[in-house]
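Take a look at the structure below.
Any value given below was found using the heavy atoms of this structure, including those in side chains, with hydrogens, waters and symmetry copies removed.
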Amino acid sequence: MDTKASETSIITVGVNLLWLRSGRVGGSEDYAVRMLSAVPSDAPVRLVLFVPPGFARAHRSLAERYEVVVSPVGKRRPTRVLSENTWLAAQCRRHRVDAVHHFGGTVPFVGIRPAVVTVHDLQPLDHPRRFSLIKRQYLRAMLPWSVRRADAIVTVSEFCRSRLVERLGIDPQKVAVLPAPMDIASVASDMRLAAAVPDLSHPFVLYPAVAYPHKNHEVLLRALGRLAADGVDIELVATGGPGPQDKKLDQLAAKLGVGDRWHRLGRIPPAVLDGLFRQAVAMVFPSRYEGYGLPVAEAMARACPVVAAEAGGLPEVVGSGGRLLDPDDDAAWAEAIGAMAQDEYARRELIEAGQSRVRELAALDPAAGLCDLYTKVAS
């Protein structure tokens with residue numbers, strides 16, 4: 001990147017974050033924050049963030065670094081969609097942006113061109129029954145239209161790019177694969193600040209995921225039942241906000257006789273999550289569908305062994321840094337968890353493999369790639 005770019009060569013990009021409900025949209029929020037935070041200060045790009053009320057309070061560092069324009073309406077989808085097609089378009093013209101990046105996966109019907117859109121996965125099209133009727137009908141219409149209207153598409157893995165090409169017939173040259181940036185130095189700092197975890201007196205494996213159906217917590221509970229029957233002292237800790245499967249999972253845990261080994265901690269501060277990564281026997285991630293799987297990279301960076309599903313984009317992230325299993329083979333999950341709990345040598349090998357893999361991920365520079373993409377579409 002040319003650090004001596006003149007003022008006349010700097011392009012202005014509007015960033016649509018109106019969809020961002022802090023603490024409610026999961027990995028897409030984390031991705032957007034990481035990517036925007038990683039943009040080099042000397043990049044020939046000026047970013048203007050269009051945000052919902054409350055954004056500056058939740059993401060102070062971004063609000064202090066960039067120009068922030070707050071929408072006058074709330075975060076509910078109908079008003080947000082209306083705002084994107086009226087207020088946002090007018091604000092983009094007012095701020096004379098050269099391009100607009102829609103981080104939320106859809107492009108408004110009315111708006112400034114050229115447009116860039118980030119698509120994290122095609123699960124609403126690949127598995128529509130996992131979504132509410134209104135949401136799946138909306139995304140079934142908007143996703144195909146958005147990727148065709150966009151001048152460039154950003155996605156997080158080769159798996160996602162292949163789904164865009166195969167499912168929607170998108171030209172692969174139109175799609176840039178830009179995973180979330182990894183900052184090993186900041187991870188080391190986070191580890192020093194990691195907060196004490198709740199009182200967990202037994203060894204545990206950690207699954208940081210809201211209980212949506214595709215996250216597949218059930219296979220872990222069944223594996224836990226197998227391990228309990230074999231006398232293996234291990235528990236399962238899940239984090240994340242309330243999910244639609246919570247009650248069903250509690251009932252399954254009771255049925256399998258592992259209710260006292262199953263802990264739902266809910267949404268927790270990042271420092272506490274860091275502490276859980278540090279103390280867990282392993283991080284387990286049996287999700288049946290992931291566009292990328294950032295928690296897997298987070299675990300490897302924090303010296304936590306990873307056992308993940310061989311599904312979606314997870315194999316791309318894990319590489320040789322963890323164990324990959326059939327997401328629905330509870331016997332295999334029980335064997336892998338038992339090995340992490342009982343074989344310190346195997347656990348240490350997996351930690352070292354994960355840290356080697358995360359160094360490879362950290363060597364990537366997706367933020368620079370994003371700036372190059374902005375320059376290309378705006379020229």
Side-chain angles (χ1 to χ4, degrees), residues 23 26-27 29-31 33-34 179-211 215-217 220 223-224 233-241 243 261-287 290 292-309 314 317-325 333 336-344 346-362:
E29 176 182 10
D30 198 7
Y31 175 86
V33 171
R34 284 170 176 266
M182 288 296 301
D183 185 347
I184 294 178
S186 68
V187 168
S189 174
D190 289 344
M191 288 296 289
R192 290 193 296 270
L193 297 173
V197 302
D199 182 17
L200 298 165
S201 56
H202 294 266
F204 66 91
V205 291
L206 172 66
Y207 189 18
V210 176
K215 294 297 186 180
N216 195 26
H217 289 70
L220 297 177
L224 207 62
D233 183 22
I234 192 76
E235 300 186 349
L236 171 60
V237 172
T239 64
R261 297 181 175 220
W262 158 241
H263 308 281
R264 287 195 291 110
L265 301 187
R267 189 178 293 116
I268 59 175
V272 176
L273 182 58
D274 284 338
L276 290 172
F277 275 125
R278 182 183 60 199
Q279 295 192 22
V281 165
M283 197 272 271
V284 287
F285 210 89
S287 176
E290 293 292 320
Y292 185 74
L294 186 57
V296 170
E298 294 284 358
M300 293 189 293
R302 287 162 172 78
C304 184
V306 166
V307 183
L314 288 171
V317 184
V318 174
S320 59
R323 288 191 63 175
L324 293 170
L325 304 176
W333 285 91
I337 293 170
M340 293 297 99
Q342 298 176 312
D343 187 341
E344 185 57 31
R347 184 172 181 274
R348 176 53 54 184
E349 276 197 322
L350 211 56
I351 289 173
E352 292 174 357
Q355 294 196 296
S356 176
R357 174 58 180 155
V358 87
R359 285 193 292 271
E360 295 174 353
L361 296 174

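Applying the side-chain hydrogen bond (donor to acceptor under 3.5 Å, both in side chains) rule to Arg261 yields no partners; only residues at least two apart in sequence or on another chain are considered. With sequence neighbours excluded, the residues that form a salt bridge (charged side-chain N to carboxylate O under 4.0 Å, His left out) with Glu360 are Arg357. In this structure Tyr207 satisfies the ring pair (Phe, Tyr, Trp, His ring centres under 6.0 Å) test together with His217, Phe285, sequence neighbours excluded. Taking Arg323 as the reference, Glu335 meet the side-chain hydrogen bond (donor to acceptor under 3.5 Å, both in side chains) condition, with sequence neighbours excluded. Listed by chain and number, the residues in a side-chain hydrogen bond (donor to acceptor under 3.5 Å, both in side chains) with Glu349 are Tyr345 (sequence neighbours excluded). Among residues two or more places apart in sequence or in another chain, the side-chain hydrogen bond (donor to acceptor under 3.5 Å, both in side chains) test is passed with Ser287 by Glu290. Every side-chain contact (heavy atoms from CB on, under 4.5 Å) that Val33 has, sequence neighbours left out, goes to Glu29, Ser37, His59, Leu62. Every side-chain contact (heavy atoms from CB on, under 4.5 Å) that Pro203 has, sequence neighbours left out, goes to Asp233, Ile234, Val281. With sequence neighbours excluded, the residues that form a side-chain contact (heavy atoms from CB on, under 4.5 Å) with Ala309 are Ala311, Leu314, Pro327, Trp333.
Between Pro208 and Leu273, the closest side-chain pair of non-hydrogen atoms falls below 4.5 Å. Residues Leu350 and Met340 meet the side-chain proximity criterion, which asks for heavy atoms closer than 4.5 Å. Within the 4.5 Å cutoff, side-chain heavy atoms of Met283 are placed close to those of Val296.
Going from atom OG1 of Thr239 over to atom CD1 of Ile268 covers 5.0 Å, rounded to the nearest 0.5 Å. For the atom pair CD (Gln342) and CD1 (Ile337), the distance works out to 11.5 Å, reported to the nearest 0.5 Å.
In plain terms, the two heavy atoms of Met300 and Gln355 that are nearest each other are O-CG, 3.6 Å.
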Task: Worked check of side chain to side chain contact (heavy atoms under 4.5 Å, CB included) between Leu276 and Leu265 - done: CA-CA 11 Å; Leu276 290 172; Leu265 301 187; 3.9 Å; yes

